[in-house]
Amino acid sequence: MLLISSSLGLFFHSVVALELTFYLAAAVLVVLTAESCIKLLNRNPFGVTLMVYVTVFAWYFVDPFLNPEQYDYLPSSLLGESYGQVLLFLIGFRIFTPAATRWILRRPSLGILDTGLTPEQILKAAGALWFLLFAIGIARMGGDVMGALFPLDGRGGPTMWGRGAVETGASGFLISSGGYLFNAVTAFLGVLVFFQRSTAWRLFAVAMFAISLPYFFMAGARSHFLAAVVPFIITYLLYGRHPLVIRLAILAVAFVCLNEGFKFVVAFRDSGGYRDLLASENPYELMNEDARPSGLNMIQELCYVDVYMQTGGTSPAYGARYLNEVLNFIPRVIWPSKPMIGIDYAKWRGFESEHDENGELGVNTTVSSGMIGGGVLNFGQIFGPVAAGILMALWSALLIRWWEQRRSLLRLVLFMLGAGITFNLGRDITLLVLWPVVFAYFFVRFAEIWATKRVREVPQLATAVPADAGPMQVVAGRLSQ
């Protein structure tokens, strides 16, 4: 408690004293969060926006309290300017979300919701794809099953879907696609666990899901692990069979475990892997006693982005950076001069490298500018945050559409994947984050088209609520009725 108190005091007295924008942004965030919570309680789909507000809070308000010493050298005026941009983002998001929702909900649906597919049939299809991708991954590891499941060397060693930072051949595109698809299928399996009608199929889904998690955890990319596990957590919270109090308690325990686990990931993924960690009798002895959660410093990066713009390091790209993100899927063998995303900013931040193994990139690490910082780089310091808010409004509207279509289990799973991946968008609004959802959408559309051609007279499936659902699950299933 004393440490927390001293951290709070240091933070408020050093960086945001007399900065009105911080308090305005915090107040607006609290009000909007409360509004979303009320809409959730009233079964209004607009409550989906709560996920965006949680994302803003986690990426832009938490780190200064956890690591206040890292903000000592930042002028309070610069932090105040950055929190002003957070405020613009929140206002833009709240204003444009209703219009974006109306526009997307009015679009004609290409999906066939009454597919007649049972949860077991969907699980069989997802499981078959999982086995295929898993076999390919093991083949890429030279048949090393344990090495594929437990990449003990972290980022420094081979992994099932690892590849070079810059691939000039067609294989790089295929490897990346396989990795994102494996991520999507794993998340799919985690959601399907809760809708299986028999214990055998439920255990089958649990087994495939659990087998996959060590790979995502130990490979070192926290965003990929979160993309796989967060949809499972959200589905459990809504459709789990335990009383709500127990579900919330388990959610709190899961959060603590994730927090502690990610400390180990950050500490060991780049320093020779996890072999020393597993060989130690007391792994915590290898950790820094003052180790804290890291990587949530998007408000700090927003300050750097503002300085980058103000000092003439770059000028607004007027959407070109977003366009590069969208076109990044084109293989370099087809587009040899394809821009390398974020390299100019990483060089300006001081991570330029010419003589190491990453010299092909020109930097030894890439740096995320954050969802608001990305908007600033694209459209400037005033319109940029609003542009980022509009993009998140469109994303939220798409999630609301999928939630409204949840009488189809396929669409419900798609919503869960999108909801789970929203948090990762706080680090960057990019297809590199969204690819698992994109591949999941292709899987859903293929399943819908195939099922419709196969048979049209199968009784409609009530998929949103498990067979033995309790009162809280039934409430979740009625939210849009």
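Just so it is clear, the values below take in all heavy atoms, side chains as well, and ignore hydrogens, waters and symmetry mates. Only a predicted model underlies this, so the values are computations on that prediction, with no experimental measurement involved.
- A ring-centre distance under 6.0 Å is not found for Tyr60 and Tyr83.
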Item to check | Check against side chain to side chain contact (heavy atoms under 4.5 Å, CB included), Phe57 and Leu29 | outcome: CA-CA 8 Å; Phe57 173 75; Leu29 180 60; 3.9 Å; yes

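- Here the straight-line distance linking atom CZ of Arg222 with atom CZ of Phe217 works out to 10.5 Å at 0.5 Å rounding.
- Counting heavy atoms from C-beta outward, Phe415 and Val48 have side chains that approach closer than 4.5 Å.
- Between the side chain of Arg401 and the backbone N or O of Ile104 there is at least one donor-acceptor pair closer than 3.5 Å.
- The shortest distance between side-chain heavy atoms of Leu181 and Leu133 falls below 4.5 Å.
- Asn183 places a side-chain N or O within donor-acceptor distance of the main-chain N or O of His224, the cut-off being under 3.5 Å.
- Across all their heavy atoms, Gly127 and Leu189 have their closest contact at N-CD2, 4.3 Å.
- Side-chain N or O atoms of Arg107 include one that pairs as donor or acceptor with a backbone N or O of Trp103 at under 3.5 Å.
- Between Leu192 and Pro119 there is no side-chain heavy-atom pair separated by less than 4.5 Å.
- Interatomic distance, Asp428 CG to Leu434 CG, rounded to the nearest 0.5 Å: 10.5 Å.
- The ring of Trp59 has its center closer than 6.0 angstrom to the ring center of Phe423.
- Within the model, atoms CD1 of Ile138 and CE of Met146 stand 10.5 Å from one another, a figure rounded to the nearest 0.5 Å.
- Between Tyr53 and Arg94 there is a side-chain heavy-atom pair separated by less than 4.5 Å.
- When all heavy atoms of Pro151 and Ala148 are compared, the closest pair comes out as CD-O, 4.0 Å.
- Taking the side chain to side chain contact (heavy atoms under 4.5 Å, CB included) definition, one finds that Ala205 meets it with Leu123, Val193, sequence neighbours left out.
- Counting heavy atoms from C-beta on, the side chains of Phe61 and Ile299 never come closer than 4.5 Å.
- Listed by chain and residue number, nothing satisfies the salt bridge (Lys or Arg N to Asp or Glu O under 4.0 Å) test with Glu325 (two or more places apart in sequence, or in another chain).
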Checklist entry - Is there a side chain to side chain contact (heavy atoms under 4.5 Å, CB included) between Trp450 and Leu117 once you walk through the steps? => result CA-CA 10 Å; Trp450 176 83; Leu117 292 173; 4.0 Å; yes

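- Residues Val433 and Leu425 share a closest heavy-atom pair of CG1-CD2, 3.7 Å.
- When all heavy atoms of Tyr236 and His242 are compared, the pair lying nearest together is OH-ND1, 2.8 Å.
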Checklist entry - Taking it one step at a time, do Ser82 and Val86 satisfy side chain to side chain contact (heavy atoms under 4.5 Å, CB included)? => result CA-CA 6 Å; Ser82 296; Val86 174; 5.8 Å; no

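- Contact between Ala228 and Leu213 at its shortest, heavy atoms only, is CB-CD2, 4.3 Å.
- The aromatic rings of Phe232 and Phe194 sit tilted, their planes meeting at an angle between 30° and 60°.
- Between the side chain of Thr49 and the main chain of Phe46, a donor-acceptor pair closer than 3.5 Å is present.
- Contact of the Pro385 side chain with the Ile372 side chain is registered, since non-hydrogen atoms from C-beta on lie closer than 4.5 Å.
- Annotation: Trp435 is in aromatic contact with Phe439 [ring centroid separation under 6.0 Å].
- Distance check, rounded to the nearest 0.5 Å: CD of Gln196 to OG1 of Thr118 gives 8.0 Å.
- Taking OH from Tyr71 and CD from Gln300, the interatomic distance works out to 4.5 Å, rounded to the nearest 0.5 Å.
- In this structure, Asn378 contributes its side chain and Arg321 its backbone to a donor-acceptor pair below 3.5 Å.
- A donor-acceptor contact closer than 3.5 angstrom is absent between the side chains of Thr422 and Thr55.
- Between Asn67 and Asn297 there is no side-chain heavy-atom pair separated by less than 4.5 Å.
- At a threshold of 4.0 Å, the pair Glu448-Arg445 counts as salt-bridged, since one of the basic side-chain nitrogens sits closer than that to a carboxylate oxygen.
- Trp201 is listed as a side-chain neighbour of Lys124, based on a closest heavy-atom distance under 4.5 Å.
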Next on the checklist: Go through it in stages, so that I can follow the logic: the residues are Ile233 and Leu237, the test is side chain to side chain contact (heavy atoms under 4.5 Å, CB included), and I'd like the CA-CA distance, side-chain angles, deciding distance and then a yes or no.
Outcome noted: CA-CA 6 Å; Ile233 294 174; Leu237 186 62; 5.6 Å; no

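- The side chain to side chain contact (heavy atoms under 4.5 Å, CB included) with Val191 is formed by just one residue from the set Val413, Leu414, Leu412; it is Val413.
- With hydrogens and angles disregarded, no donor-acceptor distance shorter than 3.5 Å links the side chain of Arg427 to the backbone of Ser223.
- Distance check, rounded to the nearest 0.5 Å: OG of Ser36 to CG of Leu41 gives 11.0 Å.
- The two residues Ile400 and Pro45 come nearest to each other via the heavy atoms CG1-O, 3.7 Å.
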